[in-house]
Structures are given as C-alpha cells and as structure tokens.
Amino acid sequence: MTPSDVKATLSFSDGSPSIDLPLYKGSIGPDVIDIRKLYGQTGKFTYDPGFLSTASCASTITYIDGDKGELLYRGYPIEQLAQQCDFLEVCYLLIYGELPNTEQRTTFTKTITYHTMVNEQMQFFLRGFRRDAHPMAVLTGLVGALSAFYHDSTDVQNARHREIAAHRLIAKMPTLVAMAYKYGMGQPYMYPRNDLSYSANFMRMMFATPCEDYKPNDVLVRAIDRIFILHADHEQNASTSTVRLCGSSGTNPFAAIAAGVACLWGPAHGGANEACLNMLEDIQRMGGVEKIGEFVKQVKDKNSSVKLMGFGHRVYKNYDPRAKLMRETCHEVLGALGLGNDPLFKLAMALEKIALEDDYFVSRKLYPNVDYYSGIVQRAIGVPVSLFTAVFALARTVGWIAQLNEMIGDPEYKIGRPRQLFVGSARRDVKPVAQR
Ligand code: ACO
C-alpha cells in the first residue's frame with residue numbers, strides 16, 4: 001500500500017484531542033483512510049452497516065469504476081477479455097495474476113480437464129436430497145461436502161493445497177451443477193469428457209443423455225463461456241466478502257466456497273437473474289408490453305415492495321458493462337436459435353427503454369445489471385430458471401478462490417471480526433418467572 005502525503009484529521013466537538021489518520025493511495029480508485037488504530041486511540045468504532053464507505057481489504061484482482069461503468073480483471077477491460085479470451089484463460093488470469101502464454105494455457109487447461117470427475121461417492125450423497133430441492137440448496141451441500149471427499153487439499157495455510165483446491169473447485173463445479181440438474185430431472189448423470197472444452201463439456205453434461213450422441217452448438221457454447229467470463233469476479237461483493245470472512249477463520253477452501261454459494265443464492269445478489277426472468281414472465285402473463293406502464297408504476301410506489309429486478313447496483317451508477325456484453329450475446333443466441341421474435345426478449349428491451357427514460361430510475365442512477373439479460377440467454381440455451389444462480393456460482397467460484405488465496409497470502413490478514421454499536425438493554429437482573 002502506498003502511503004499518501006495527505007493525512008486525515010479527526011476532531012471532536014467535545015474537546016477530546018483530535019487525531020491524525022494515515023491515508024493510502026490505490027493504483028486507481030479512491031484513497032482509503034486507515035482507521036485500524038482508531039479504537040486504540042479514541043475508544044470509538046466507526047459505524048458502516050452494509051460497508052457503504054469501508055474497504056475491507058487491499059486487493060489486486062478486480063477493479064470497478066461504478067460511475068464510468070468500467071470493470072477490469074487484473075487491469076484488463078472485461079470487453080477485451082470477453083471478446084479475446086476463453087473462460088479458462090480468465091481463470092488463469094484471476095488466480096495467477098497474468099494471462100497465460102501458449103504453454104501455460106495448455107498445461108492449465110489439461111490440469112482442469114483432468115480434475116473434472118467427482119468422487120463416485122458424491123452420487124450417493126446427492127441421492128439424499130429430495131428431487132424437487134432447489135439446485136442452490138443442493139449445490140451448497142455438494143460444495144461443502146467436497147471437504148469430506150478431498151482431505152489432501154484442505155490445509156489453507158499450505159500454498160500447494162490451496163492451488164490444488166482451486167483447480168479442483170474450478171474443474172468440478174460444472175460437474176456438480178450438471179449433476180444437481182440431472183438429479184432434479186430424474187435423468188442419469190453424464191460423466192465429463194476430456195476431449196471437449198470446459199464450456200462444451202458443461203453443456204454436454206447438462207443436455208446429453210446416454211441414448212444418443214450430443215454435439216454442443218458453437219454459438220451456445222460461446223454464450224455459456226461468456227456468461228462464465230462476465231460472472232467470474234466482481235471485487236468485494238456480498239458472496240466474495242462472505243468467502244473471505246468465512247476463510248479468515250482458517251477453515252478449508254471448500255467450506256469457505258460453500259459459504260459463498262449460500263450467500264449468492266439471495267435475490268438481491270445472484271438470485272436476481274432468476275427473479276428477473278420470473279418478473280418478465282409475470283409481466284408477460286399480465287399482458288406483456290402493454291402492461292409495462294402499470295408494472296413500472298408499482299415499482300415506483302414506495303408502499304409496494306416490487307423492484308425492477310436486474311436493475312440497480314451498489315457500485316455501478318452507470319450501465320453495467322457486463323449487461324452490454326450480455327445484451328449482445330442475447331442477440332447472437334436468439335438469432336442462432338431462430339428466436340429473434342422471442343416475446344420475453346422484446347418485453348425486456350421495451351421495459352429497459354422505458355425505465356432508462358423514467359425520472360425515477362434516471363435520478364437514482366438505476367441501470368440494467370448483468371442479470372437483466374443473462375436469464376434470457378440461459379433460458380434460450382435451455383437452462384431452467386431455477387438453475388440460473390447455480391450457473392452463476394459455477395462461474396464465480398474462480399473469483400472466490402482467487403480472493404480467498406489472496407487474503408491468506410496477505411501478511412496483513414487477520415480473522416475478520418466486525419464490532420457493533422450496541423443499542424439493547426444495559427445490564428439488568430433476571431427476575432423469578434412469576435415476576436416477569
Ligand atoms: N427497482 C426499483 N427501485 C430500486 C431498485 C430497483 N431494482 N434498486 C434500487 N432502487 C431504489 C431504492 O428503492 C432506493 O430508492 P430511495 O432512494 O427512494 O429509497 C434507491 O434506488 C437506492 O437503492 P438502494 O437499495 O439504497 O441501493 P443498494 O445499493 O443498497 O442496492 C441492489 C443495490 C440491492 C442491487 C438494488 O439495486 C436491487 O435490489 N436491485 C434489484 C436486484 C438485482 O438486480 N440485484 C442484482 C445485483 S447485481 C449482481 O448481484 C450480479
């Protein structure tokens with residue numbers, strides 16, 4: 001961290017002595033005020049529920065400029081990565097810090113490919129779930145269970161263990177997501193195939209059956225690969241912070257990633273793509289494009305809890321760059337499948353246009369986020385709505401593991417332990433039950 005020449009001075013209106021707080025400069029983005037010694041020097045905590053103004057760590061992985069609508073992985077713009085790299089190259093970049101050269105790419109792809117099978121016993125573990133369980137419930141269990149199957153890579157203090165766990169997680173997530181899907185469908189699991197690319201292999205495990213040959217469609221494989229790239233990391237969001245906090249206790253990487261999966265499930269985070277598609281389907285049932293005005297009115301009504309899902313973001317106060325790329329992919333996929341007139345896509349575009357012109361959304365800087373179009377793409381590919389967040393979890397796993405490894409390797413890392421502003425009862429005595 002680079003110290004700044006500037007210092008922040010904190011003064012108090014009650015005459016308590018003021019203190020100087022050091023500032024650090026990032027390579028880009030806002031400076032931070034170092035408050036680590038604040039409690040020791042003043043006996044006071046800072047109060048920031050939701051981390052609106054708090055940097056929880058220093059990181060070199062992902063940078064977002066929310067006002068510009070810019071997303072960089074290790075300095076590379078998401079647009080260039082989405083157009084020029086495949087998902088495994090992006091995984092390599094996130095984990096190791098640089099894009100791979102030809103030899104590194106080949107070796108890494110081979111390593112991941114040869115870790116895609118899961119322990120056969122996982123099938124029996126999966127069978128304990130009800131067939132109608134939500135895939136995210138199943139995935140949370142399966143990922144957590146990996147620590148029970150792969151004991152030789154659970155020492156988080158051992159860099160080689162962490163690397164093997166990273167490879168295993170990236171490799172096995174598609175297999176687990178496809179297994180969760182097949183289980184819900186009552187179909188046999190399809191084993192991974194080492195002659196296919198990462199994304200083609202995922203599609204085959206999802207959509208093939210043992211009854212006939214399956215050839216993944218190139219346009220759809222590219223679309224899935226792009227979904228993976230766009231969701232691979234997003235700095236210190238809720239699930240990533242969960243993984244870091246969980247991992248800060250020294251727990252094993254599989255357990256920490258399972259915590260991330262659980263956090264991602266929520267509709268304000270990864271569950272938004274599922275919620276967005278459900279919302280579009282509801283509007284379609286109500287009467288489609290004609291009913292957009294009525295729906296938008298509900299969204300703007302402070303007494304209703306209706307939100308325009310797929311819109312708004314804690315950090316982006318501009319168009320989410322991933323949403324633009326996803327919109328492009330949406331056109332490609334619907335074109336390739338002859339679904340150019342898909343009513344849901346038309347509805348999404350009409351709703352987006354109206355929202356972008358409406359003062360409610362404009363004044364609050366609410367723009368489409370990545371989830372707005374990713375649901376339509378996944379639905380067109382044949383991914384069921386209930387599996388959308390599991391696909392997101394698959395893609396985000398590399399980000400989670402890269403962030404976890406960065407934290408463990410950081411000499412300043414400590415167990416995460418936020419403090420609180422206590423507003424409950426002061427000390428009081430327990431009365432006998434008859435007097436309460
Ligand atoms: N629809 C309607 N109003 C909204 C929406 C929305 N989608 N998002 C924010 N607002 C309004 C809020 O009601 C608030 O209005 P107010 O100032 O009149 O009270 C204002 O905009 C600011 O919103 P906050 O909730 O303070 O913003 P915050 O940063 O806390 O929330 C969030 C961000 C959770 C993403 C929110 O925009 C939201 O719920 N969006 C819909 C869910 C969604 O798409 N989530 C995906 C996020 S991206 C991802 O995880 C990949």
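These numbers come from a predicted model, not from an experiment. Note that ligands are numbered from 1 as they come in the structure, with each ligand's atoms numbered from 1 the same way.
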If we number the atoms of ligand 1 from 1 as shown, the ones under 4.0 Å from a heavy atom of Gly310 are 43 (C), 44 (O)
When distances are taken from atom 48 (S) of ligand 1, the protein heavy atom at minimum range is His313 CD2, 3.5 Å
For this session: Tell me yes or no: between the side chains of Ser239 and His269, is some donor less than 3.5 Å from an acceptor?
Result: yes
If you scan protein heavy atoms around atom 43 (C) of ligand 1, the nearest is Ala272 CB, 3.4 Å
**Q.** Side-chain (Lys7) to main-chain (Leu23) donor-acceptor, under 3.5 angstrom
**A.** no
Do the side chains of Asp225 and Arg222 get close enough for a salt bridge, i.e. N-O under 4.0 angstrom? no
Atom 42 (C) of ligand 1: closest protein heavy atom, distance to 0.1 Å, is Met309 CE, 3.4 Å
Out of Thr389, Asp320, Asp371, Val296, the nearest non-hydrogen contact to atom 51 (C) of ligand 1 is supplied by Asp371
4.0 Å protein heavy-atom contact status of atom 27 (O) of ligand 1, strictly under:
no
| request: Determine, for Lys324 against Glu328, whether the closest basic-nitrogen to carboxylate-oxygen distance falls under 4.0 angstrom. | output: no
With no hydrogens and no angle check, just 3.5 Å: does a side-chain donor-acceptor pair link Arg74 and Thr60?
yes
Whether His234 lies under 4.0 Å from ligand 1, heavy atom:
no
inquiry  = So that I can tick it off, tell me whether Glu406 and Arg162 are bridged by a salt bridge, with the cut-off set at under 4.0 angstrom between side-chain N and carboxylate O.
reply    = no
Numbered in order shown, the ligand 1 atoms found under 4.0 Å of a heavy atom of Ala268 are 45 (N), 46 (C), 47 (C)
The protein heavy atom nearest to atom 35 (C) of ligand 1 is Gly312 O, 3.7 Å
Within 4.0 Å of some non-hydrogen atom of Arg314, the atoms of ligand 1 are 28 (P), 29 (O), 30 (O), 33 (C)
**Message:** In terms of relative ring orientation, are Tyr181 and Phe207 parallel, tilted or perpendicular, with 30° and 60° separating the classes?
**Reply:** perpendicular
The atoms of ligand 1 lying under 4.0 Å from a heavy atom of His269, numbered in the order shown, are 46 (C), 49 (C), 50 (O)
Review point. Under 4.0 angstrom from atom 30 (O) of ligand 1, is there any protein heavy atom?
Key: yes
If we only count N/O pairs under 3.5 Å, is Phe311 in contact with ligand 1? yes
Any protein heavy atom lying closer than 4.0 Å to atom 22 (C) of ligand 1?
no
Taking Arg379 first and then Asp342, would you say they form a salt bridge - that is, a charged N and a carboxylate O separated by under 4.0 Å?
yes
ask   = Taking 4.0 angstrom as the limit, do Glu89 and Arg105 come out as a salt bridge?
value = yes
In terms of its nearest heavy atom to atom 1 (N) of ligand 1, the top option of Leu308, Asn369, Val370 is Leu308
| Does one side chain, of Gln236 or Gln403, offer a donor that lies under 3.5 Å from an acceptor on the other? | yes
Nearest non-hydrogen protein atom to atom 15 (O) of ligand 1, with distance, is Arg364 NE, 3.2 Å
Short side-chain donor-acceptor distance under 3.5 Å, Asn252 and Thr154: no
Q: Would you please say whether a donor-acceptor pair under 3.5 Å links the side chains of Ser53 and Asp48?
A: no
The atoms of ligand 1 lying under 4.0 Å from a heavy atom of Val299, numbered in the order shown, are 1 (N), 2 (C)
Honestly, for Asn237 the part within reach of ligand 1 (heavy atoms, under 4.0 Å) is neither
The protein heavy atom nearest to atom 38 (C) of ligand 1 is Lys307 NZ, 3.7 Å
Under 4.0 Å from one or more heavy atoms of Lys302, ligand 1 contributes atoms 13 (O), 15 (O), 16 (P), 18 (O), 19 (O)
Atom 40 (N) of ligand 1: any protein heavy atom closer than 4.0 Å
yes
field: Lys/Arg N to Asp/Glu carboxylate O, Asp31 vs Lys25, below 4.0 Å
entry: yes
Self-check item: Parallel, tilted or perpendicular, as decided by the 30° and 60° cut-offs, for the rings of Phe108 and Tyr92
Solution: perpendicular
Atom 4 (C) of ligand 1 sits nearest the protein heavy atom Leu366 CD1, 3.5 Å
Ligand 1 to Phe392, heavy atom cutoff 4.0 Å, flagged ligand atoms 51 (C)
One finds that the ligand 1 atoms under 4.0 Å from a non-hydrogen atom of Tyr360 are 2 (C), 3 (N), 4 (C), 11 (C), 13 (O)
